[in-house]
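Starting from 1, each residue takes its place in the sequence as its number. Quick caveat: nothing in here was measured; it's all calculated off a predicted structure.
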Amino acid sequence: MGFLADALSRVKPSATIVMTQKARDLKAQGRDVISLSVGEPDFDTPQHIKQAAIEAIHRGETKYPPVSGIVPLREAIAKKFKRENGLDYKPSQTIVGTGGKQVIYNALLATLNPGDEVVIPRPYWVSYPEMVGLCGGTPVFADTTMETNFKLQPEELERAITPKTKWVILNSPSNPSGAAYSHAEMKALTDVLVRHPHVWVLTDDMYEHLVYGDFTFVTPAQVEPALYERTLTMNGVSKSYAMTGWRIGYAAGPEQLIKAMDFVQGQQTSGAATISQWAAVAALDGPQDHLAEFRAAFQTRRDLVVSMLNQTNGLRCPTPEGAFYVYPSCAELIGKRTESGKVIETDEDFVTELLMAEGVASVHGSAFGLGPNLRISYATSNQLLEEACRRIQRFCGSLR
């Protein structure tokens, strides 16, 4: 009998973390590396949020919090959903976790039995299928294509649903593709879900505020009220408020599900850090002026990267509606050879050779379930992005 759990053999390491660590290791060796592999805003947390945390420390808000979150934060979450999404939730229908990942994991752990299926569009955030597997469920993938800008089509969703389906996970704007669903596109998906009353919807709205141009964000329960009683709407402060290290995610949904998630969390981590929760109150209830600044900066970066990648030999890059990622195809470069003689057989080969040759770290698309592509994060300065894209152009131009 082995010591480690069999479940670990079904779980792959996070490719984003692996590539980010490779970049760190090369930097430590003195290499000039530009890391475009990490999904983290380069902006600082707004000052009023940091000040709220400092004041909470001085008030002595340093004790154990309630498992589901401090009351002021749960009230702020309920107000946020009403104000921004038109969704009515009582504070008792909300829960706070140590980041959005824990919220999703707890929902799956509280609901999945062996044999239960979870439909996941691909490309997907690398953690979705791994969390489903760890919780005893079976991930079922619904494919998208570059021709549909990596958006799930209703017929593909219909095809993926079976009597064993318990959840569908929807992520808009998407990590890794940046694709976001318009009201009409989301309505086409919710129309399918209405016809399958045994299926619950887990929506990951972490990039809600990072949409560009005249695009308007929507979330499933907002588009189709009939889904309200079987939707868990997850969000957090990490991306929109540059609070990745504060580790606060939250969700709202039917009270029975929230209580089950509270039960799981009570035996797992208990509540999220109290000081971070008070900072999140300030984030949700306080000034939102920084959001326009973030959006403007990210849109400029997106346009720069898309333009330069589409001028690169062998790459094709759609223009995403949101988040801070692009997901270009490198299909035309598969089978080509580097100057050192290495044949590019996969998108993982491509990103590995790019890192070693030019010091640009990205993540291979096959890690997100769909290749040959690569995910590039543009959450860094225009200057670094321009230099990184020049290096990518040089690398692709050198392939024969």
Side-chain angles (χ1 to χ4, degrees), residues 8 11-45 98-102 123-128 130-131 175-178 206-207 210 236-239 241-249 273 276 294 297-298 301-302 304-305 308-309 323-328 330 338 340 342 344 346-369 371 373-396:
L8 293 183
V11 178
K12 300 188 293 289
S14 169
T16 55
I17 294 174
V18 169
M19 288 302 296
T20 300
Q21 188 57 50
K22 283 185 180 180
R24 288 193 187 114
D25 292 343
L26 286 175
K27 278 188 176 181
Q29 296 168 20
R31 286 286 305 276
D32 175 18
V33 175
I34 301 174
S35 181
L36 306 181
S37 59
V38 66
E40 181 171 51
D42 59 322
F43 302 113
D44 194 15
T45 304
T98 307
K101 185 180 287 188
Q102 186 190 23
Y124 47 71
W125 181 38
V126 293
S127 293
Y128 293 147
E130 310 309 324
M131 289 192 283
N175 175 5
S177 71
M206 191 63 76
Y207 297 89
L210 301 180
V237 296
S238 295
K239 313 298 183 179
Y241 298 90
M243 293 176 68
T244 51
W246 298 77
R247 308 310 305 132
I248 295 292
S276 294
F294 282 16
F298 280 133
R301 296 171 180 185
R302 177 200 66 173
L304 167 68
V305 171
M308 290 190 73
L309 292 181
F324 39 68
Y325 310 105
V326 291
Y327 201 66
C330 59
T338 68
S340 65
K342 166 72 176 179
I344 304 293
T346 65
D347 51 14
E348 186 170 5
D349 289 342
F350 180 89
V351 300
T352 300
E353 293 302 311
L354 173 63
L355 176 60
M356 299 309 297
E358 292 287 352
V360 177
S362 57
V363 187
H364 49 290
S366 53
F368 303 97
N373 293 73
L374 59 151
R375 189 195 76 171
I376 290 174
S377 168
Y378 52 86
T380 191
S381 70
N382 289 27
Q383 181 180 357
L384 284 175
L385 290 171
E386 196 166 342
E387 173 60 20
C389 287
R390 279 197 293 267
R391 295 184 188 187
I392 294 170
Q393 288 176 342
R394 186 165 60 216
F395 175 73
C396 292

Inset, instruction - Apply side-chain contact (heavy atoms from CB on, under 4.5 Å) to V351 and V363, showing your working. - result: CA-CA 6 Å; V351 300; V363 187; over 6 Å; no
For the residue pair [X] and [Y], what are the closest heavy atoms and their distance?
X: L36; Y: L385; answer: CD2-CD2, 3.9 Å
X: E40; Y: A379; answer: O-CB, 3.3 Å
X: K22; Y: T352; answer: NZ-OG1, 4.5 Å
X: C389; Y: L309; answer: SG-CD2, 4.4 Å
X: E386; Y: M308; answer: O-CE, 3.8 Å
X: G371; Y: D347; answer: CA-OD2, 3.4 Å

Legend entry - All ring pair (Phe, Tyr, Trp, His ring centres under 6.0 Å) counterparts of Y241, not counting sequence neighbours: H290
Inset, instruction - Would you check, one step at a time, whether the test side-chain contact (heavy atoms from CB on, under 4.5 Å) holds for H364 with T346? - result: CA-CA 9 Å; H364 49 290; T346 65; over 6 Å; no
Inset, instruction - Classify the angle between the aromatic ring planes of F294 and F43 as parallel (below 30°), tilted (30 to 60°) or perpendicular (above 60°). - result: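 Taking F43 first and then F294, their aromatic rings lie parallel (interplane angle under 30°).
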Inset, instruction - Could you go through the side-chain contact (heavy atoms from CB on, under 4.5 Å) check for Y327 and L374 one step at a time? - result: CA-CA 6 Å; Y327 201 66; L374 59 151; over 6 Å; no
Is a side-chain donor or acceptor of [X] paired with a backbone partner of [Y] at a separation under 3.5 angstrom?
X: S362; Y: I376; result: no
X: Y207; Y: K239; result: no
X: R301; Y: T380; result: yes
X: R391; Y: E358; result: yes
X: S377; Y: S37; result: no

Inset, instruction - In sequence, state the C-alpha distance, the side-chain angles, and the governing distance for K342 and D349, and then conclude on side-chain contact (heavy atoms from CB on, under 4.5 Å). - result: CA-CA 9 Å; K342 166 72 176 179; D349 289 342; 4.0 Å; yes
Legend entry - Side-chain heavy-atom pair R247, S238 within 4.5 angstrom cut-off: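 Side chain of R247 against side chain of S238, heavy atoms only: contact under 4.5 Å found.
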Inset, instruction - Tell me, with the steps shown, if Q21 and D25 meet side-chain hydrogen bond (donor to acceptor under 3.5 Å, both in side chains). - result: CA-CA 6 Å; Q21 188 57 50; D25 292 343; 2.9 Å; yes
